[in-house]
Amino acid sequence: MSMTMAEKILARAAGLKETEAGTIVMANIDVAMTHDLTGPLSVNSFQKIGVEKVWDPEKIVVLFDHQVPADSLEAAQNHIFMREFVEKQEINNFYDVNEGVCHQVLPEKGHVIPGEVIVGTDSHTCTHGALGAFATGIGSTDMAMVFATGKLWFKVPETIKFDIEGELGKHVYSKDVILDIIGQIGADGATYQACEFGGETTRNMSISERMALCNMAIEMGGKTGMVEVDEKTRNYLKGRTNKSYEVFQTDEDAESLSTMYVDVSDLEPQVACPHNVDNVKPVGEVEGTPIDQVFLGSCTNGRLEDLRVAAKIMKGKQVSSKVRMLVIPASREIYRQALDEGLMNIFVDSGALVCNPCCGPCLGGHVGLLGPGEVSLSTSNRNFKGRQGSPEAEVYLSSAAVAAASAIRGEIADPR
Ligand SMILES: CC(C)[C@H](C(=O)O)[C@@H](O)C(=O)O
Ligand code: SF4
């Protein structure tokens, strides 16, 4: 039977020869991730079940990233609570306040393996599909069941394949591609679909760029984002994991597969305007919009390549006196590499603030919140009302290049 990558992975995880979209399967979970914000809810629910020990401590990853270091008494208490859980359950895969954002740290540390089923109590867990896994966000009570049994049921999703073709122009990146797609099909355009990104353009993208695509699958309602494993994937995994893995590919004649053709050859830098991710416009239409803050970071665009692009634009220039710019590398590894490459000097010399790897102001829970009436340009993935602080603030989303150019200009600017 012809199947999609998502169907094949879920069938494998459920111990079945085959399955098809719409079927309910009970899958064995390969990796279960929780963090400082949703972890306490998951652990509370787990404790209510009354099971003493988690099913397999080696398959659980606990990481602190949303409020690190603790910015409130509540956050500090959450951290204490989770550290106690980790110790009691003998969970070795524990990353405290110093590693960075879960969706960057998990792949870096070799927890993301092609063909595996990864669940996390965070909606952007779909990012990990960039390495050919089936990865999805789940609720905290679902996670409690995973902790107890190692299993979770799924309705097998249909797949929408984005066949992305064309060469990206100067200062046009995967962020612009995904914003364009979301703008076209809307915030519910791929509801409960496995969003598979393919085509020549995707194949030419780095793993970081593919992660940015998959990261935002949830912003169009997707169950997960995925990219087929290739040489780049294998190279990325080298040195990060010794685990052998199975590679699954979508059969072109799979029944539950639909395809959307996306031509990006004339694509301009894109910006998502307040207050919805699908309110997307070419940068030219919003050029000149005054901004108060620029946030370069997050699990969407806080990677080394993003920092490089921004540093190149900002080198020798000053951040506008009207703007606060926050640079937050997505992980310690990225931070370290950026230091080695001299990128941090460029940011600091330009007047930007460099913070420790964390989610930062992305969801308004930590450093750099916006006040009423303020406008932010952010490389993250959501711009909902109140997302980065005050409900009376406005958030625009863009690539790192648009963010850097705008920080210098003091208003939304075209990096070209
Ligand atoms: C805190 C967490 C539940 C949340 C998510 O699930 O995505 C956050 O990471 C976000 O980006 O909004
Ligand atoms: S960086 Fe933002 S989107 Fe990503 S996990 Fe953190 S809060 Fe969520």
Side-chain angles (χ1 to χ4, degrees), residues 32-45 61-68 71-72 74-75 78-79 82 95 97 99-108 112 118-128 130 135-143 175 178-179 182 187 208 211-225 272 275-277 295-303 306 326-332 334-335 355-370 376 378-389 395 397 400 403:
M33 185 280 298
T34 194
H35 56 58
D36 53 330
L37 220 54
T38 48
L41 298 166
S42 310
V43 172
N44 274 324
S45 302
V61 183
V62 177
L63 181 145
F64 295 171
D65 57 357
H66 280 70
Q67 294 169 303
V68 295
D71 60 340
S72 64
E74 198 192 343
N78 280 342
H79 294 179
M82 288 308 290
Y95 303 100
V97 297
E99 285 295 345
V101 185
C102 53
H103 308 310
Q104 179 59 24
V105 176
L106 259 65
E108 273 177 7
V112 179
I118 301 171
V119 293
T121 53
D122 192 285
S123 60
H124 295 102
T125 303
C126 51
T127 313
H128 309 301
T136 192
I138 64 170
S140 300
T141 42
D142 286 333
M143 186 54 87
K175 178 64 161 286
I178 189 65
L179 286 178
I182 297 169
S208 291
M211 282 186 189
L213 286 182
C214 292
N215 178 270
M216 292 192 71
I218 184 69
E219 308 310 332
M220 47 188 176
K223 179 73 174 166
T224 185
H275 294 283
N276 288 301
V277 186
F295 167 39
L296 172 60
S298 88
C299 58
T300 320
N301 288 117
R303 301 195 171 82
D306 303 304
L326 269 63
V327 179
I328 309 190
S331 74
R332 188 159 66 100
I334 293 168
Y335 198 150
C355 307
N356 62 299
C358 65
C359 295
C362 178
L363 89 162
H366 198 215
V367 285
L369 303 202
L370 302 174
S376 150
S378 173
T379 65
S380 55
N381 48 35
R382 283 181 179 156
N383 60 350
F384 309 142
K385 232 177 199 229
R387 172 79 180 174
Q388 293 189 359
V395 180
L397 306 174

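Counting convention: from 1, in listed order, for ligands and their atoms alike.
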Notebook entry, point to check: Can you tell me if S140 and T121 form a side-chain donor-acceptor pair at under 3.5 Å?
Noted result: no

Item checked: Distance from atom 3 (C) of ligand 1 to nearest protein heavy atom, with residue and atom -> T38 CG2, 3.5 Å

Next item on the list: Considering the heavy atoms of H124, write down every atom of ligand 2 situated less than 4.0 Å from one of them.
Entry: 3 (S), 8 (Fe)

Next item on the list: Just jot down the ligand 2 atoms closer than 4.0 angstrom to any heavy atom of H66, in number order.
Entry: 5 (S), 6 (Fe), 7 (S), 8 (Fe)

Note to self: Measuring from non-hydrogen atoms of H366 to any atom of ligand 2, is the shortest distance under 4.0 Å?
What the structure shows: no

Next item on the list: Hey, can you tell me if H128 and H103 have their rings parallel, tilted or perpendicular (30° and 60° cut-offs)?
Entry: tilted

Notebook entry, point to check: Taking only heavy atoms of L37, which atoms of ligand 1 are found under 4.0 Å from at least one of them?
Noted result: 1 (C)

Next item on the list: Within a distance under 4.0 Å of any heavy atom of N381, pick out the atoms of ligand 2 and give their elements.
Entry: 3 (S)

Note to self: Tell me the protein heavy atom at minimum distance from atom 4 (Fe) of ligand 2, and give that distance in Å.
What the structure shows: C299 SG, 2.3 Å

Item checked: Under-4.0 Å heavy-atom contact with ligand 1, by part of Q67 that carries it -> neither

Checklist line | Interfacing atoms of ligand 1 (cut-off 4.0 Å, heavy-atom, H124) | finding: 7 (O), 11 (O)

Notebook entry, point to check: Which ligand 2 atoms, with their elements, are less than 4.0 angstrom from a heavy-atom of C362?
Noted result: 1 (S), 2 (Fe), 3 (S), 7 (S)

Check: Taking N or O atoms only and a 3.5 Å limit, does R382 qualify as a polar contact for ligand 1?
Finding: yes

Margin query: Applying the side chain to side chain donor-acceptor pair (under 3.5 Å) criterion to S331, which one of E108, R303, E99 satisfies it?
Written below: E108

Note to self: Among all the protein's non-hydrogen atoms, which is closest to atom 12 (O) of ligand 1, and how far away is it?
What the structure shows: R387 NH1, 2.7 Å

Note to self: Donor-acceptor pair, distance only, cut-off 3.5 Å: does the side chain of T300 make one with the backbone of A212?
What the structure shows: no

Notebook entry, point to check: Can you tell if the side chain of F384 reaches within under 4.5 Å of the side chain of V277, non-hydrogen atoms only?
Noted result: yes

Item checked: Side-chain heavy atoms of P361 within contact of I328, under 4.5 Å -> yes

Notebook entry, point to check: Counting each atom of ligand 2 from 1 as listed, which ones have a heavy atom of D122 under 4.0 Å away?
Noted result: 5 (S)

Note to self: Tell me the protein heavy atom at minimum distance from atom 2 (C) of ligand 1, and give that distance in Å.
What the structure shows: D122 OD2, 3.5 Å

Next item on the list: Answer with side chain, backbone, both or neither: which part of Q388 has a heavy atom less than 4.0 angstrom from an atom of ligand 2?
Entry: neither

Next item on the list: Kindly indicate whether the side chain of C362, heavy atoms from C-beta on, has any atom under 4.5 Å from the side chain of H124.
Entry: no

Note to self: Closer than 3.5 angstrom, by distance alone: can the side chain of H79 be matched with the main-chain N or O of V68 as a donor-acceptor pair?
What the structure shows: no

Note to self: Using a 3.5 Å distance criterion without hydrogens, assess whether the side chain of N44 forms a donor-acceptor pair with backbone atoms of P40.
What the structure shows: yes

Margin query: Give me the nearest non-hydrogen protein atom to atom 6 (Fe) of ligand 2 as residue plus atom name, then the distance to 0.1 Å.
Written below: C359 SG, 2.3 Å

Check: Counting from 1, what ligand 2 atoms have a heavy atom of H103 closer than 4.0 Å?
Finding: 5 (S)

Notebook entry, point to check: Do the side chains of H35 and C359 get nearer than 4.5 Å, heavy atoms only?
Noted result: no

Next item on the list: Please check if the side chain of D65 supplies one atom and the backbone of C102 the other of a donor-acceptor pair under 3.5 Å.
Entry: yes

Note to self: Can you report which non-hydrogen protein atom sits closest to atom 5 (C) of ligand 1, along with the distance?
What the structure shows: S123 OG, 3.3 Å

